[in-house]
Protein chains: 2
Amino acid sequence: MQEVATRAGVSLATASFAINGTGARKVSEETRHRVQAVAEELGYRPNAMAQNLSRARSSFIGFITDSVATTPFAGEMIRGVQDAAREHGYVMLMANTESDPRTFHDVASMMLDHQVHGVVYSTWYHRQVSTPTGLSGIPVVLANCYTRGDRLQSFVPDEAGGGRAATEILTAHGHRRIAFINSDLSAPATTGRLRGYRKALQAAGIPFDKNLVLTTTPEQEGGYTAGLRLLQLDPRPTAVFCYNDRVAMGLYDALRTRGLSIPQDMAVVGFDNQEVIAAHLRPALTTVALPHYELGYLSLKWLLREGAPTTGEAPEPTRTLVPCPTVERSST
Amino acid sequence: MQEVATRAGVSLATASFAINGTGARKVSEETRHRVQAVAEELGYRPNAMAQNLSRARSSFIGFITDSVATTPFAGEMIRGVQDAAREHGYVMLMANTESDPRTFHDVASMMLDHQVHGVVYSTWYHRQVSTPTGLSGIPVVLANCYTRGDRLQSFVPDEAGGGRAATEILTAHGHRRIAFINSDLSAPATTGRLRGYRKALQAAGIPFDKNLVLTTTPEQEGGYTAGLRLLQLDPRPTAVFCYNDRVAMGLYDALRTRGLSIPQDMAVVGFDNQEVIAAHLRPALTTVALPHYELGYLSLKWLLREGAPTTGEAPEPTRTLVPCPTVERSST
DNA sequence: GTGAAAGCGCTAACAT
DNA sequence: ATGTTAGCGCTTTCAC
């Protein structure tokens with residue numbers, strides 16, 4: 001930078017102002033242009049580290065995930081966080097803990113050492129987590145998870161809304177006998193989707209029948225066995241809302257072994273919109289998408305705007321529900 | 001740090017050496033312990049930015065992907081790169097370009113500004129890329145892609161080896177009439193897997209029959225239609241090697257419509273080991289895994305060791321083939 | 001509108 | 001073995 005300044009015939013200070021046009025100071029248009037021309041010509045690049053040190057604040061934000069490779073979901077959140085970061089001129093420092101506390105501690109320290117402005121902590125499936133420790137002093141926001149009592153701001157999928165929307169696709173098609181293959185896991189998705197299912201039935205004036213709700217492991221295998229059980233019911237349901245796309249995949253297999261066709265003999269809707277399954281099952285599966293991109297995006301937006309309010313007091317942390325859009329394909 | 005030094009009754013310099021035990025200088029065991037105790041007590045954390053600035057080199061490495069959310073594959077590479085980075089005390093700066101040249105340029109600048117030691121550039125599927133521009137001056141290594149003439153060091157999956165291994169699973173089971181549903185894309189995977197298939201046949205003394213090689217779009221849909229075509233052949237093949245797991249998924253559907261069972265009537269092996277499909281198809285699919293984790297890990301290892309040799313000349317860049325391990329399940 | 005100069009928090013000669 | 005001191009590359013008062 002010294003060289004740029006000299007070549008442009010100005011002082012170091014002026015060069016600095018001219019280059020990153022900090023509104024604070026007035027540099028004549030002419031000077032600025034001259035300096036910028038020289039900088040361009042010399043291929044000058046500011047040293048981000050020196051800037052950060054000097055400004056006594058970095059332009060880093062941290063993003064911690066518990067698992068990055070299990071599903072493409074983490075990828076969507078990464079994109080969301082990254083897009084929001086770039087919009088604000090921040091650089092994302094990402095780390096994956098694989099749920100190892102020691103690793104978590106290490107990456108938290110690393111981030112603190114790099115003076116991150118805040119961190120978004122996320123999990124690959126929606127769940128409750130204990131308050132992340134070791135991130136003292138900087139704002140933290142949770143994406144796809146939340147803490148007991150919502151002591152920290154968080155953004156999570158609106159499971160109930162999604163469950164309701166899924167079921168309403170079925171009621172809208174005139175189905176009255178709608179089964180729900182739920183998961184046997186204790187998770188917000190399990191309770192939320194069930195709540196949504198019941199709300200939708202209620203809205204359609206259909207009495208809730210607990211015999212139509214099965215629980216199983218939320219995998220293809222579970223969907224298969226639950227599907228078989230479902231077919232024993234008399235009268236048979238005409239539609240099924242599945243906890244997730246993998247369960248629907250298993251249900252497809254079960255229906256197939258009985259020679260039943262979808263959606264004629266049985267309509268089915270899934271949840272998660274796992275592209276590789278949902279879009280490529282035969283017939284393609286109607287489902288509800290999880291808003292991972294938005295979760296990441298909104299979390300970081302919040303962090304940057306409300307995370308460390310410069311004025312006024314900090315807003316009350318809340319658990320913000322993010323809508324799960326439906327994706328209609330050919331199974332309904 | 002000044003405070004730590006004062007409280008421990010030593011100079012700033014001694015404190016610095018004591019804390020990050022730079023072998024360069026000798027600090028008595030006793031002093032070091034005293035300083036470290038004080039640092040601990042005060043909860044002192046070094047400012048990474050100041051360190052980087054002072055050392056005139058950062059501890060950053062860059063990782064650029066063209067797409068991070070299409071499949072879980074990117075996640076595996078991220079893990080690989082990150083693990084290697086952490087082993088060497090580096091921090092990963094990640095960026096996703098979504099294949100947008102402008103974004104690429106931006107993230108490249110960002111990385112340069114942060115003085116990254118080098119960058120690994122990766123693509124989500126194995127392919128040739130044009131030499132990334134705008135990364136002048138720093139070492140670059142490619143993961144899952146390569147340039148014309150291999151001007152840059154790269155690490156890519158051994159497609160031919162994988163294709164051969166896949167086919168040999170079939171020949172080992174005694175199959176002699178083995179079809180190959182290949183992709184209609186022009187990609188290293190297409191040619192490589194075919195080459196491997198032919199090698200395996202040859203090794204087993206089976207003459208190559210071009211009627212047994214079909215090409216189709218490498219999706220479920222393509223596998224389905226190709227599967228139907230395959231069933232018209234007389235005599236019918238007894239085994240099929242599919243370009244990827246999605247094609248195998250389609251083939252499963254085709255076999256099912258004809259009431260054929262796997263592996264009794266037809267053995268099938270896929271490629272990619274897309275967990276969500278391969279492990280959950282009925283029966284579970286035997287396949288070949290793509291070594292994404294290793295691609296990321298090895299790339300960064302190379303970058304750190306050979307990328308910028310401190311002594312001797314730079315090694316000749318080569319395209320290193322990384323093995324694709326087979327995963328045997330129940331379809332063979 | 002512009003320049004001089006004092007740091008930001010740390011490292012690494014160079015002394016002692 | 002430890003202390004002194006000069007930067008690293010940039011930002012930002014403060015004075016002109």
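In the text below, chain A, chain B and the rest are named by the order of the sequence lines, each starting its count at 1. When reading the values below, keep in mind they use all heavy atoms of this one structure, side chains included, and skip hydrogens, waters and symmetry mates.
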Separation of dT2(C) atom C1' from R34(A) atom CZ, nearest Å, is 11 Å
Side-chain contact check for N47(B): nearest option of dT13(D), dC10(C), dT2(D) is dC10(C)
Exercise for the section: Look at the side-chain N and O atoms of T14(A) and state whether any lies under 4.0 Å from the OP1 or OP2 oxygen of dG3(C). Expected result: yes
Exercise. For Q51(A) and dT11(D), is the shortest distance between a side-chain N/O and OP1 or OP2 below 4.0 Å?
Worked result: yes
| query | Is there a donor-acceptor pair closer than 3.5 Å between any side-chain N or O of T123(B) and the backbone N or O of T65(B)? | reply | no
| request: Answer yes or no: does a side-chain N or O of S54(A) lie under 4.0 Å from OP1 or OP2 of dG7(C)? | output: no
Looking at E294(A) and V322(A), would you say the former's side chain and the latter's main chain have a donor-acceptor pair under 3.5 Å?
no
R55(A) CZ to dC8(C) C1', in whole Å, measures 12 Å
In whole angstroms, the gap separating P of dC8(C) from CD of Q115(A) amounts to 14 Å
Hey, is the side chain of S16(B) poking within less than 4.0 Å of OP1 or OP2 on dC10(C), counting only N and O atoms?
no
- request: Mind running side chain to side chain contact (heavy atoms under 4.5 Å, CB included) on Y44(B) and I19(B) for me, showing each step along the way?
  value: CA-CA 10 Å; Y44(B) 168 79; I19(B) 288 171; 3.8 Å; yes
_Between F155(A) and Y297(A), is the ring centroid distance below 6.0 Å?_
no
The residue, L12(B) or L53(B), whose nearest nucleotide of DNA chain D is more 5′ is L12(B)
Exercise. Please determine if a side-chain N or O atom of N52(B) lies less than 4.0 Å away from the OP1 or OP2 oxygen of dC8(D).
Key: no
Report task. Scan side-chain atoms only and decide if Q153(B) and T320(B) contain a donor-acceptor pair under the 3.5 Å cut-off. Result -> yes
S28(B) has its side chain closest, among dG9(D), dA1(D), dA4(C), to dA1(D)
Among dT2(D), dA13(C), dA4(C), the one nearest any side-chain atom of A13(B) is dA13(C)
Comparing A50(A) with A15(B), nearest DNA chain D nucleotide closer to 5' gives the residue A15(B)
Separation of dC10(C) atom C1' from R57(B) atom CZ, nearest Å, is 14 Å
